[in-house]
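Order of the sequence lines fixes the chain letters, A, B, ..., with proteins taken first and strands second; residue numbering starts at 1 for each chain.
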2 protein chains.
Amino acid sequence: MHSKITDTLKKHQLSVTDSRKKILSFFLQSGNALAHADIEHKSGTEFDRVTIYRTLQTFVEKGIIHTIPTADNSIRYALCKDECVEGHHHDDHVHFICDECGTTYCLDHVSVPKVKLPKGFKAAQTDLVVSGTCNNCEK
Amino acid sequence: MHSKITDTLKKHQLSVTDSRKKILSFFLQSGNALAHADIEHKSGTEFDRVTIYRTLQTFVEKGIIHTIPTADNSIRYALCKDECVEGHHHDDHVHFICDECGTTYCLDHVSVPKVKLPKGFKAAQTDLVVSGTCNNCEK
DNA sequence: TACAACAGTGCAACAATGTTGCAAAATAAT
DNA sequence: ATTATTTTGCAACATTGTTGCACTGTTGTA
Ligand SMILES: [Mn+2]
Ligand SMILES: [Mn+2]
Ligand SMILES: [Zn+2]
Ligand SMILES: [Zn+2]
């Protein structure tokens with residue numbers, strides 16, 4: 001019997017450890033994006049801060065999670081879709097950060113439009129982040 | 001006789017001080033976006049690290065510079081266009097970060113497209129950041 | 001299951017980045 | 001010129017991120 005969590009780790013050639021299982025479960029439970037600090041709070045003293053840094057880094061490299069840029073010096077991380085693999089992400093959806101509650105959403109069904117760049121500029125990745133009020137916080 | 005720098009500070013109701021003049025001049029000279037660390041390097045020991053933090057914060061609040069989100073935990077700052085005033089920015093252009101040289105460009109003539117959000121989501125601000133190779137670094 | 005090889009973790013020490021309060025200095029207003 | 005106000009530097013502290021290394025846990029093989 002294999003849980004979904006164990007399967008995901010194995011699929012990406014990672015040893016199955018307590019911290020990885022737990023951190024991955026946080027993402028699955030939450031549904032939304034998490035910052036390093038969120039994970040630190042959720043896990044209490046269960047494992048070391050350094051382990052969280054290394055786990056997040058490993059997950060990003062393996063294509064399990066992706067980063068979401070912000071203007072407040074706190075990277076958010078969210079689960080990738082199945083197509084993401086090591087070294088090549090396919091997360092071309094819009095992200096939304098709520099100014100009220102701070103929740104960060106992957107808007108999986110809103111895709112990032114192509115932009116026409118000036119001569120000589122070659123795009124490798126495009127991030128579109130919208131901030132405002134989410135559907136939970138609206139009046 | 002008033003310099004452009006002094007004028008800009010006065011226009012935004014700021015006292016004209018050495019550090020503000022110097023930091024603003026860095027932005028005017030560079031043309032591109034600067035991170036806190038860039039300013040710290042350019043200024044050497046001329047003024048305190050805390051003063052740089054406070055000056056950048058003040059400039060953002062007053063609409064002299066705007067922030068550019070990144071996925072590497074290092075906010076970049078760039079000069080605003082003239083229309084930006086306290087509490088209300090008008091920097092709806094695309095930003096480009098070169099993976100080779102690290103330079104961050106304001107693509108003033110490439111505007112951010114409107115995106116259609118799911119029901120209940122209200123956009124206040126939209127940031128579009130492209131990364132890749134700039135026209136200086138291509139091939 | 002037992003063992004060896006390997007990978008991941010915790011800890012400690014450190015570096016970098018950001019924040020706050022307060023007295024001294026600079027600037028602006030009178 | 002004097003006063004009122006704002007800004008700065010400093011010190012102290014908090015938070016965030018990085019690295020090396022010994023120890024522990026995991027995996028694959030017998
Ligand atoms: Mn996402
Ligand atoms: Mn810009
Ligand atoms: Zn919200
Ligand atoms: Zn470049």
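Note: NZ (A:Lys10) to P (D:dT27) measures 6 Å, nearest angstrom. Taking atom CZ of residue B:Arg49 and atom C1' of nucleotide C:dT20, one finds them 13 Å apart after rounding to whole Å. We find that CD1 of B:Ile52 is positioned 17 Å from P of D:dT7, with the value rounded to whole Å. Look at CD on B:Glu40: it is 11 Å from C1' on C:dG18, rounded to the nearest Å. Protein atom CG of A:Leu14 is 12 Å distant from nucleotide atom P of D:dG28, rounded to whole Å. When rounded to the nearest whole Å, the span between NZ of A:Lys62 and P of C:dA7 equals 10 Å. Going from atom CD of A:Glu46 over to atom C1' of C:dG8 covers 15 Å, rounded to whole Å. For the pair A:Phe59 CZ and C:dG8 P, the interatomic distance rounds to 11 Å; values are reported in whole Å.
Dashed line: the shortest gap from a side-chain N or O of B:Thr51 to OP1 or OP2 of D:dT8 is not under 4.0 Å. Dashed line: the shortest gap from a side-chain N or O of B:Asn73 to OP1 or OP2 of D:dT16 is not under 4.0 Å.
Side-chain proximity of B:Ser15 to the nucleotides D:dG17, C:dA7, C:dT27 is greatest for C:dT27. Nearest nucleotide to the side chain of B:Phe47, out of D:dG9, C:dT17, D:dT18: D:dG9.
The residue from B:Asp99, B:Thr103, B:Thr104, B:Ile97 that alone fulfils the side-chain contact (heavy atoms from CB on, under 4.5 Å) condition with B:Cys101 is B:Thr103.
Between the side chain of B:His95 and the backbone N or O of B:Cys106, no donor-acceptor pair lies under 3.5 Å. A donor-acceptor distance shorter than 3.5 angstrom exists from the side chain of A:Thr8 to the backbone of A:Lys4, with no hydrogens or angles considered. Side-chain N or O atoms of A:Arg20 include one that pairs as donor or acceptor with a backbone N or O of A:Ser15 at under 3.5 Å.
Within residues 16-29 of chain A, the residues having any heavy atom closer than 4.0 Å to DNA chain D are, in order of number, A:Val16, A:Thr17.
Taking the six-membered ring wherever Trp is involved, the centroid distance between the rings of A:Phe59 and A:Phe27 does not fall below 6.0 Å.
Residue A:Arg54 places no side-chain atom within donor-acceptor reach of the base of C:dG8, judged by atom type and a 3.5 Å distance cut-off alone.
When all heavy atoms of A:Cys134 and A:Tyr105 are compared, the pair lying nearest together is SG-OH, 3.1 Å.
Note on ring orientation: taking the six-membered ring where Trp is involved, the planes of A:Tyr53 and A:His36 are parallel (angle under 30°, cut-offs 30° and 60°).
Comparing A:Thr55 and A:Val50, the nucleotide of DNA chain C nearest to each residue sits closer to the 5' end for A:Thr55.
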